[in-house]
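Naming convention: chains lettered A, B, ... in sequence-line order (proteins, then strands); numbering from 1 in each chain. Only heavy atoms go into these numbers, but all of them, side chains included; no hydrogens, no water, no symmetry mates.
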Number of protein chains: 2
Amino acid sequence: MSGGVVRVAVDIVIFTLREGVLQVLLIRRGVPPFKGKWAFPGGFVEEAESLDAAALRELEEETGVSDVYLEQLYSFGDPKRDPRGRVLSISYFALLSSERELRSGTDAVDARWFPAYDAPRLAFDHRKILDYALVRLRYKLEWTTVGFELLPKKFTLTELQRVFEAVLGRKLDKRNFRRKILKLEILRALDERQRVGVQRPARLYKFSATEFEKLRGRGMIFPF
Amino acid sequence: MSGGVVRVAVDIVIFTLREGVLQVLLIRRGVPPFKGKWAFPGGFVEEAESLDAAALRELEEETGVSDVYLEQLYSFGDPKRDPRGRVLSISYFALLSSERELRSGTDAVDARWFPAYDAPRLAFDHRKILDYALVRLRYKLEWTTVGFELLPKKFTLTELQRVFEAVLGRKLDKRNFRRKILKLEILRALDERQRVGVQRPARLYKFSATEFEKLRGRGMIFPF
DNA sequence: CCAAAAGTGTTGGTTTTACACCCATGG
DNA sequence: CCATGGGTGTAAAACCAACACTTTTGG
């Protein structure tokens, strides 16, 4: 029994959709190293705390949100990634539905949303983490149901399409998109409508978890 | 700056194909905890060593093989997963081509291949790691080109089909399988043949990386 | 000539893509 | 009656699943 002793941090890539743009939450570092640079929210894992619990705790501490979609992304362990010494980063990615607000205590100067595809220079190796998170998000959007996590409980089909377009970075055909989504039978059409502008109100839908379970059974949803 | 101090280990799920069966390498633990139980090869990450380097080193130390397909799988950090104290496990999975032999020094009593879908009881939380590795392997087999890593440089289409069948756990149609693989245009047909039994010799193929690169460009191969 | 695995096409159903117009609403 | 986004169908191409016989070889 041997082995070097290491400190372990979690870093969380939090995505949301604002004004039809995929955005990521960054925090400006107030202390060295990389003081003044933008970085992902995160922090050290505590004694007797699981990795998932640490990620949830940091998320809650830094943004005030809980009960969000969260999954482990990758572990970065280059011995030189942190100039302070050996720090392992277990990265997570989280999806925040577009109607949710950060805790108002979160100082606007220190925490800001940036377009995920046009982020500033990042501290540490966080650029690599972001790239990896984007790959993962694009992939999961197409093959799983995580896309709904970026929307409120009730949403229109056009809003859902905007999520796909913002993440994938390309326009989709409205008719084909609707046919494909509806054929999955994972949405429940509501009687309610929503007026967005001056035009015809759009029907609202909600994600139907029971239908989703059937899909999992058919092996159509990938578990990671 | 704070944070609990943790020891970090890598654990490696090594798959290969023997006699048409997907197998996984296990090592019998000679010391507590879980003395006598089977576990994945692995060990502690050293000072100034990256996670990937640690995984490669352990692989080489415990099996004598190097230059294999290796990718990070997931990090397990339940604080109670190791009775000795806080040990993080960064799990990896590796694919060994079927013709490669372990170092003969590897004692047959202490290191053995087991059918991956019928493994014995495992130490620590290694059962969870194995399940996760199998999910990942099945998925990557269908969507990437990792399948070739389980075969020698030159192989017949039937051998390739056996890899798919062993990993996916179901029979595939020979004609459909061949059409699908050949349509990808990632194989180069060789002039050589290989006689396996008494019957008609089978044509040999090799994986063609240049064609593979074209596929990546078309977005048909997922990068993880 | 027998046994064994290699090799090879067709058809029907499903899925995907490309594409354009009418509808409901408020002002 | 205009502007705006909501909502809808069809046809061609590509893809997928099911299915059986002939070929080559050594003994």
Given atom CZ of Arg193(B) and atom P of dA4(C), what is their separation to the nearest angstrom? 23 Å

Please state whether the base of dT10(D) and the side chain of Arg179(A) form at least one donor-acceptor pair under 3.5 Å? yes

Nearest of dA6(C), dT8(D), dG5(D) to any side-chain atom of Lys174(B)? dA6(C)

With a 6.0 Å cut-off on ring centres, are Phe124(A) and Phe40(A) close enough? no

Report which part of the nucleic acid Arg203(A) touches: base, sugar-phosphate, or nothing (heavy-atom distance under 4.0 Å, all strands). sugar-phosphate

Between Phe177(A) (CZ) and dG9(D) (P), how many Å, whole number? 18 Å

Nearest whole angstrom, please: distance from the P of dA4(C) to the CD of Gln199(B). 9 Å

Could you work out which one of dA17(D), dC19(C), dA20(D) sits closest to the side chain of Arg175(B)? dA20(D)

Measure from CG on Leu204(A) to P on dG6(D) and round the result to the nearest Å. 12 Å

Without decimals, in angstroms, what is the distance between Tyr205(B) OH and dA6(C) C1'? 10 Å

Can you check whether Phe76(A) and Tyr92(A) have ring centres sitting under 6.0 Å from each other? no

Nearest-Å distance, CZ (Arg200(B)) to C1' (dT25(D))? 9 Å

Which residue lies toward the 5' end of DNA chain C, Leu182(B) or Lys180(A), if each is placed at its nearest nucleotide? Leu182(B)

What is the distance, to the nearest angstrom, from the CG atom on Leu160(B) to the P atom on dA6(C)? 13 Å

Picking from dC16(D), dC19(D), dG7(C), the nucleotide nearest the side-chain atoms of Asp173(B) would be dC19(D)

What nucleic acid atoms does Thr156(B) come within less than 4.0 Å of, heavy atoms only: base, sugar-phosphate, or nothing? nothing

Parallel, tilted or perpendicular, as decided by the 30° and 60° cut-offs, for the rings of Phe164(A) and Phe177(A): perpendicular

Testing dG7(D), dT4(D), dG26(D) for proximity to the side chain of Val198(B), the answer is dG26(D)

Of the options dA5(C), dC19(D), dT8(D), whose atoms approach the side-chain atoms of Arg178(A) most closely? dT8(D)

Describe the nucleic acid contact of Arg195(A) in one word from base, sugar-phosphate, nothing, applying a heavy-atom distance below 4.0 Å. sugar-phosphate

Note: for Glu159(B) and Asn176(B) on DNA chain C, the residue whose nearest nucleotide lies more 5' is Glu159(B)

Treating Ser75(A) as the side-chain partner and Ser75(B) as the backbone partner, does any N or O pair qualify as donor plus acceptor under 3.5 Å? no

Distance check needed: dG6(D) C1' versus Gln194(A) CD, whole Å only. 12 Å

Would you say Thr158(B) places a side-chain N or O within less than 4.0 Å of OP1 or OP2 belonging to dA5(C)? no

Checking side-chain polar atoms at under 3.5 Å, does Asp11(A) have a donor or acceptor matched by the opposite partner on Ser91(A)? no

